[in-house]
Each structure stands twice: as C-alpha cells, then as structure tokens.
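To start, the structure itself, in structure tokens.
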Protein chains: 2
Amino acid sequence: MAINNWLGVQTEVLKRIHDRTWKPGEIIPRETDLAYEFGCARVTVNRALRALADKGVLDRKRKVGTTVALYPTSKATLKIPLIRKEIEDLGKVYSYKLLKQTQSKFPKEERLPTHLSSSDNLLYIEAIHSSDGEPFVIESRYINQKVVTNLESKVFEKNSPNEWLLANVPYTHGAISFSATNCSAEKSTLLKINPSEAVFQIDRTTFDREQVITNVLLTYHKDYQLQTSL
Amino acid sequence: MAINNWLGVQTEVLKRIHDRTWKPGEIIPRETDLAYEFGCARVTVNRALRALADKGVLDRKRKVGTTVALYPTSKATLKIPLIRKEIEDLGKVYSYKLLKQTQSKFPKEERLPTHLSSSDNLLYIEAIHSSDGEPFVIESRYINQKVVTNLESKVFEKNSPNEWLLANVPYTHGAISFSATNCSAEKSTLLKINPSEAVFQIDRTTFDREQVITNVLLTYHKDYQLQTSL
DNA sequence: CTTACTATTATGTACATACATAATAGCATA
DNA sequence: TATGCTATTATGTATGTACATAATAGTAAG
C-alpha cells in the first residue's frame, strides 16, 4: 500500500527506527529505494528524512547516505516567552514595576554583564514582574545606547524593557544561558524569599549583527521551573 | 536581480523584517507575489517562509496569509548531550561510578519521581559522573522494568544508565524540566560543595508511547551552566 | 436574522524532472 | 608510495504543474 505523503513516510521511518528494523548507527536505504518501496516521489521521502534530520533523529551526508543517529541528540526546543504572556497564560494577573534606572558606564554590579565592555554607553534597568501581586521574576538589564537610540527616558516606567525591546528593536541572534545561584540578600528581599535560597537564572544577550543590543539577567522566584518536551 | 534559492529568499525576508519594511504584526505579500518579485518559483518562497515559520519568526495561516510574528517566540533549541560526550568535548577525562542500585516499589526518596506511580516495578539507580576526577553530575534514576525487560543486573557497574538506555531503549517522546534547588546534605558531600549550595537540576522523563521508560534527576556541580543560542 | 451552502483564496503538499554539490572510490601518473 | 584527476553516487535544491485544504466572504434559503 502506497504511502503518498511526507508525514506518512516520517511515521513509517520512525516506526522502523523504533522497532529496531534500522538500528542506531546503521545506514538506511537510499531515498530512491525508499521512494520506490513506498510508492511515492523521492522528493517526498527527502522532505520526511530532512525533517527527521532536523530533529536529530537521523544523520545525513551527501554521497554517504542516511544513518540512524547513534545518540539521538535530544533536541528540546524551548520557547522563551514574554514574561507578561507567561504569567497571563497561567491565569494570573500580571503587574510590572520599575525599580531602578541609571546611566552607567561602569556598572557597580557584582556580575559582569556578558558580552558587554565597560566602554559601551549603557543604560541600567532593574524591574520586577509580579503574578497576582507575588514577585515572579527580577529583570536586571543593560541596554547598549549606541544601538538603541530611540529611547525616551520615561518609557520603562510603564513598559517593561522585556516587552518594549522585543516589539521595537529587532535582533539578529542571541546567546542564552541557564543556571542556578544562591540568591543575593537584596534580591531575596524583593522576591520575598530567604537569603541564599536557590534561584533559577536566565542570562540572555541579544545582538544586531556584531553589536550587543542588550543583556538581561532574569532571576526567578523560588520553585520556578522551565519546562519543555522532547 | 533574481534570487533563485531558498536561503537567498530567507535572507532577503529576514532583511526586510529587520529593517522594518515589514513590521511585527503586519501581513507580508503572498507567496505568488514574492515569487514573481524574486524571479523564482513559488515553491522556493514556500520553503523559505516555512522554515522561518518553524523558527517562530513568521506566522502563517491558510487563506489568511503570512504575518511577521508580533513577539518572535524566541525558540531556543538546546541539545541535551550525552553526559560523557559533554565532558569529553570540554577536553576532560570522563569517569563514571555506580553508587546505588536497588529494587524498589516504593522509593524512599524525598522527591516524587514525576510521571511514575508507586505501583510500577521500579529499579532505582544512583551514579556519579566525573570530569577529570571532579564530580560533575549526580544521576538519580528510576527505570520502569515493565518496559525495560532486557536488563542484566550488572550492566550499570560499567555502563552509565544515561548512555545504556539511550543506545538500547528507543523512546517516542519525553518531558523535561529545569530548575534550581538547594543541595541536599547527602548530595553536597558527593559533589564536594557546601550543603544547601544552589545547584542546577534537570528532571527528564522519557516515554514509549503511553508508558514511562525512565525518569532521571540530574543534579549538576556548582556553577554549571546550560548554554545555547537563539 | 440566522443558517447553510458556495465560491474564493492563500497556503500546503505531491510529483516528474533536471541539475548542483559533497564525498568517496578507483585509476593513472609522477 | 604518494598525489592528483575523474567518475560515481547519494543527498540537496529548483521548477512547473496539479490538486488538497483551511479559512473567509458572500449568497441564498428558511
């Protein structure tokens, strides 16, 4: 019976990997052969296999062929949501408060903002996002004013930098890192937790080509979990 | 000048989004028109736009059209590597040690293993992975022996469950969550850190269709960072 | 005014075909 | 033996064409 759509091909291929007809590391039949077997066009097989290679299930190489990935490089795609949206999606009321806004060439912070040099003309902002009035995450951000020039001084009193930048300053790429740290005394007060409690942090820097647009350190409330699926 | 490959189309589209020719939320010209403008086939435009929609840069809807995503849902794809590979890629020497292996219907752990019920026939394993002799991560795992039946009792003395399962038990999907926690006394000894120091944790459950194969809690050494790019 | 049908439209997919490109193997030459 | 050329091969991509499908708008029937 012919399989005449790429999702069907994908399902069949996954089935064979799963039931070990094709074992990890092994080479699978070439596109032409599979197309003949399934009774469809090679392009259809190509699309299915390409999608699986994107997911990390298969490895493909020109002239060599397609192999079942030895260690399926479990690629989890995690969506980094807007903070407001994340809170609202939980059915909670979102609120935002600006805590600090300073012009600072040499930020007197404990952390070195990644990817930024002290020579940059930086705007430092600290704000807190709350869920039903409870502290949710502290946003601690540097903005490179060499790149972001259309800034009115009072924007961030009402709008969170998180949201304003996303809507107003397009970026080309970014670097992101997740870690755990013992909460500083100052932040623990803001988050209403005990000092040195373990907190989840996201450090993200976004770029416009070579230039850094902004670096943000998000310090989440206790018990925050970042979830996704494989 | 004609753009006659899908990557070229993608680049041009990204350029226009970036220089705000097409603003967030706006609808962009239809495939047919773009194809005409670029001097290529509609299918080529389709491929480029589809790839961007996958990344979250565009939203597409049949009959309605393609819009620039209002909040580019920053999708970070993070690779969950084999622990051994992660360590070796850092140029360090990898070592593994089995700490505990018990048959336990009712695990006497502080944590409830996610997605598992106490009725399952569980094998509990605790092991440590080291980098140049220094503790790197504690693997604390439940294996569902209803599903994983081909287990020899001594496999995990030499092979880490992490690696053995990946190579021997195919899975259909998984759930994963990242969090921060204060390290338990027991684990802090193993990791050679102060008790209640903040540690990064990954909790992962993999499934074979409806059935849980395994649940693992990975507790990383101090200062561990999970990094990726956008 | 509401409901059901119908036409329209933009994206989604399938196919045959053609050519491009990377990697390999084999052969020939120095 | 080593080196470089060449043929081969599997995947990668582009195109014209055709039809599928989802969502909308418009129209007719009750």
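A note on names: the letters A, B, ... follow the listed sequences, proteins ahead of strands, and every chain is numbered from 1. Basis for what follows: all heavy atoms, side chains included, without hydrogens, waters or symmetry-related copies.
One atom, CG of B/L58, and another, C1' of C/dA10, lie 15 Å apart when rounded to the nearest Å. Between A/R60 atom CZ and D/dA10 atom P there is a gap of 13 Å when expressed in whole angstrom units. The distance between atom CG of A/L7 and atom P of C/dA14, rounded to the nearest whole Å, is 7 Å. As rounded to whole Å, 13 Å separates atom P of D/dT15 from atom CZ of B/R42. Protein atom CZ of A/R30 is 15 Å distant from nucleotide atom P of D/dT8, rounded to whole Å. Per the geometry, CD belonging to A/E31 stands 5 Å off P belonging to D/dT11, to the nearest Å. Rounding to whole angstrom units, CZ of residue B/R50 and C1' of C/dA14 are separated by 12 Å. Computed from coordinates, the A/R47 CZ to D/dT11 P distance equals 18 Å when rounded to whole Å.
Two residues, A/K63 and A/N46, neighbour DNA chain D, and the one matched to the more 5' nucleotide by heavy-atom proximity is A/K63. Heavy-atom nearest nucleotides on DNA chain C were determined for A/N5 and for B/L49, and the one closer to the 5' end corresponds to B/L49.
A/R141 and A/T214 share a side-chain donor-acceptor pair at under 3.5 Å. Using modelled atom types, one finds a donor on one side chain and an acceptor on the other under 3.5 Å when comparing B/N215 with B/D203. Side-chain atoms of A/N162 and A/E139 include no donor-acceptor pair closer than 3.5 Å.
When heavy atoms are screened at a 4.0 angstrom cut-off, A/V64 is found touching the sugar-phosphate backbone but no base atom. Counting non-hydrogen atoms under 4.0 angstrom, B/T66 reaches the backbone sugars and phosphates but no base.
For A/R62 and C/dA23, the shortest distance from a side-chain N or O to OP1 or OP2 is not below 4.0 Å. Taking 4.0 angstrom as the limit, B/T44 places a side-chain polar atom (N or O) nearer than this to OP1 or OP2 of D/dT15.
The main-chain N or O of A/F156 is found under 3.5 Å from a side-chain atom of A/Y96 such that the two form a donor-acceptor pair.
Between B/D19 and B/K15, at least one side-chain N (NZ, or NE/NH1/NH2) sits under 4.0 Å from a carboxylate O, which counts as a salt bridge.
Side-chain proximity of A/W6 to the nucleotides C/dT11, D/dT15, C/dT13 is greatest for C/dT13.
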